[in-house]
Q: 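Take this structure, written in structure tokens, and hold onto it; I'll ask about it next.
The chains referred to below are lettered A, B, ... by the order of the sequence lines, with proteins before strands, and numbering in each begins at 1. Note that the structure is predicted; figures quoted are calculated from it, not measured.
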Amino acid sequence: MTDRDCEWLRAVADELALGVLPGQERAEAIAHLDRCPACRERVEHLTFVGDGLLSLLPGSEPPAGFETRVTDRLGLNRPARRWRPRAGVAVAAAVATALGFGFGGWAVGTAIEGASAPPSRSSQPPGSAHGLLAASLLAPGHRPVGRIFAYTGHPGWVYMSVHLGRDGSGSDSRAGDASEAAGSRDGYPEAGKVGCRLERTDGTSVHLGEFSLDDAGRGYWGAPTRVDPATVSGARLLAADGSVLATARFDAGHNQ
Amino acid sequence: MRRLGLPLGRLSDEALLAGMATGAPETALAFVRRFQRMVFGIAVAVVDDPQLAEDIAQQTFERAWRHAQVYDSRRGSVKTWLGTITHNLAIDAVRARKATPVSPEDLDALLGIVTRTPEQWALADEAASRIRAAVAGLPRQQARAVVMAGIYGMTARQISEFEGIPLGTAKTRIRTAMGKLRTVLEPERADHD
Ligand SMILES: [Zn+2]
């Protein structure tokens with residue numbers, strides 16, 4: 001790129017960020033952003049201003065019946081407990097249903113691996129409350145690197161957000177046992193795949209799926225899965241080589 | 001096991017979206033409940049037609065439901081993401097239906113809404129208060145230009161025609177206004193990064 005390109009970009013950056021730059025110029029501007037991080041950052045900041053403008057608009061109550069019409073449109077108003085997954089996770093969910101256990105990806109590159117979940121009936125004890133379990137994901141050395149949520153309702157799901165940090169920082173504690181598998185790099189394999197395993201109180205565990213972390217070690221992922229509040233104990237975040245990147249423990253003391 | 005006993009309504013925006021991404025209907029419903037006022041508010045402000053606004057709001061949730069997997073928290077909050085979806089749909093609808101995106105009266109009314117600070121909104125969001133004050137502090141012509149572009153999606157050319165000014169002047173007004181608003185929000189932005 002040339003300075004002249006950047007100069008031109010600066011002249012149209014505001015209109016681009018507000019989404020009002022006409023077609024041809026817009027295409028040129030985007031092509032420039034693809035190769036110019038400095039201009040990209042500038043436009044990102046301006047986009048933030050545009051978002052701020054939208055946040056000034058007051059909320060407004062939609063007409064009566066709106067909620068129902070939306071859920072109809074999404075195909076959600078079906079007899080209770082009949083879960084129709086969206087197309088995106090349909091295949092994974094079909095497998096899941098067959099196994100009586102849910103798998104499905106919410107992130108790029110989710111894969112289903114041989115799961116050994118026990119067959120489970122998807123009924124819940126009458127009157128049992130749906131609850132949300134939450135725990136911190138802790139890297140070796142108890143450094144918090146994310147959160148995990150497990151929803152015990154129907155259908156249940158697990159969601160985690162992870163931020164290992166650029167240097168992996170689990171590296172200190174992992175150096176000994178995992179350095180061989182991880183090659184010469186420190187810490188987790190950057191931008192690599194990680195796996196999530198849910199653990200039960202009886203010592204068994206089940207692989208829920210995999211997702212990718214970006215090169216800053218960040219990622220977030222969720223999957224539909226049955227979460228039995230009586231037996232789930234925690235979760236593990238695993239590197240591709242099987243080494244443990246982080247663990248989460250739902251506090252056993254508060255079991256109901 | 002720690003049972004937080006949190007009802008879905010108390011989940012974080014991100015966790016709620018995640019639940020929706022996994023295909024959980026009751027989570028999707030909770031998501032709609034949480035954001036419908038905001039979504040409808042943006043839609044109706046832009047299109048000024050309740051029926052069209054409802055259709056846009058419905059499309060917004062449909063799109064969010066379909067694209068929940070690709071939401072990227074690094075690029076902004078769930079609220080912002082959803083607001084942008086709504087806004088884009090609303091702008092498209094306006095562009096498809098009307099030659100002029102806004103009438104002078106509507107513009108004045110909206111500017112009033114955006115710049116006034118009625119207590120009933122009691123916006124907890126400090127960034128919103130600051131940008132509101134900043135828009136209110138802009139020279140009127142610049143405030144009009146930035147609202148026309150940023151909220152009604154009007155191009156610089158449309159603004160120049162609407163205001164009866166040269167194209168270059170319209171562009172300058174947008175740029176100057178954005179520059180000022182950016183300065184006001186910059187410290188906030190830096191804090192977050
Ligand atoms: Zn550049």
Q: Testing the basics here: between A:S60 and B:F40, what is the closest heavy-atom pair and its distance to 0.1 Å?
A: O-CD2, 3.4 Å
Q: Just verifying a value: how many Å separate A:E15 CD and B:I159 CD1, rounded to the nearest 0.5 Å?
A: 8.0 Å
Q: Sort A:L57 into side chain, backbone, both or neither according to what part of it lies under 4.5 angstrom from a heavy atom of chain B.
A: side chain
Q: Can you tell me if CD on B:E62 sees more than 12 non-hydrogen neighbours from other groups inside 6.0 Å?
A: yes
Q: For chain B, which of A:L21, A:L54, A:L53 has the most heavy-atom pairs under 4.5 Å?
A: A:L54
Q: Of the listed residues (A:L46, A:V12, A:V20), which shares the most heavy-atom pairs with chain B below a 4.5 Å separation?
A: A:V20
Q: Identify which part of B:T80 has an atom lying under 4.5 Å from any heavy atom of chain A, answering side chain, backbone, both or neither.
A: side chain
Q: Tell me whether the count of non-hydrogen atoms from other residues, nucleotides or ligands lying under 6.0 Å of CZ in A:R26 goes above 12.
A: no
Q: Sort B:V146 into side chain, backbone, both or neither according to what part of it lies under 4.5 angstrom from a heavy atom of chain A.
A: both
Q: Using non-hydrogen atoms only, which part of A:A13 is less than 4.5 Å away from chain B: side chain, backbone, both, or neither?
A: neither
Q: Against chain A, label B:R33 side chain, backbone, both or neither, depending on which of its atoms sit under 4.5 Å from a heavy atom there.
A: both
Q: Begin from the C-alpha positions of B:L29 and A:E67 and carry the test side chain to side chain contact (heavy atoms under 4.5 Å, CB included) through to its verdict.
A: CA-CA 8 Å; B:L29 184 59; A:E67 210 173 83; 3.8 Å; yes
Q: In the structure I gave you, are the side-chain heavy atoms of B:M178 and A:L18 within less than 4.5 Å of one another anywhere?
A: yes
Q: I'd like to know which of B:Q36, B:M38, B:H87 tops the heavy-atom pair count under 4.5 Å against chain A.
A: B:Q36
Q: Between B:W65 and A:L74, what is the shortest heavy-atom contact and its length?
A: CD1-CD2, 3.6 Å
Q: Which atoms of B:A45 are under 4.5 Å from chain A, going by heavy atoms: the side chain, the backbone, both sets, or neither?
A: side chain
Q: So, taking the atom named CZ in B:R132 and the one named OG in A:S55, what distance separates them when rounded to the nearest 0.5 Å?
A: 8.0 Å
Q: Can you say whether B:L110 sits under 4.5 Å from chain A via the side chain, the backbone, both, or neither, judging by heavy atoms?
A: side chain
Q: If we define contacts as heavy-atom pairs under 4.5 Å, which of A:D51, A:V49, A:T47 has the most with chain B?
A: A:V49
Q: Name the region of B:Q59, side chain, backbone, both or neither, that has any atom closer than 4.5 Å to a heavy atom of chain A.
A: both
Q: Relative to chain A, which of B:K79, B:M154, B:R157, B:Q51 shows the most heavy atom pairs under 4.5 Å?
A: B:M154
Q: With chain B as the partner, which of A:G19, A:P63, A:G50 has the greatest number of non-hydrogen pairs under 4.5 Å?
A: A:P63
Q: Using 4.0 Å as the upper bound for N to carboxylate O, is an ion pair formed by A:R73 and B:D55?
A: yes
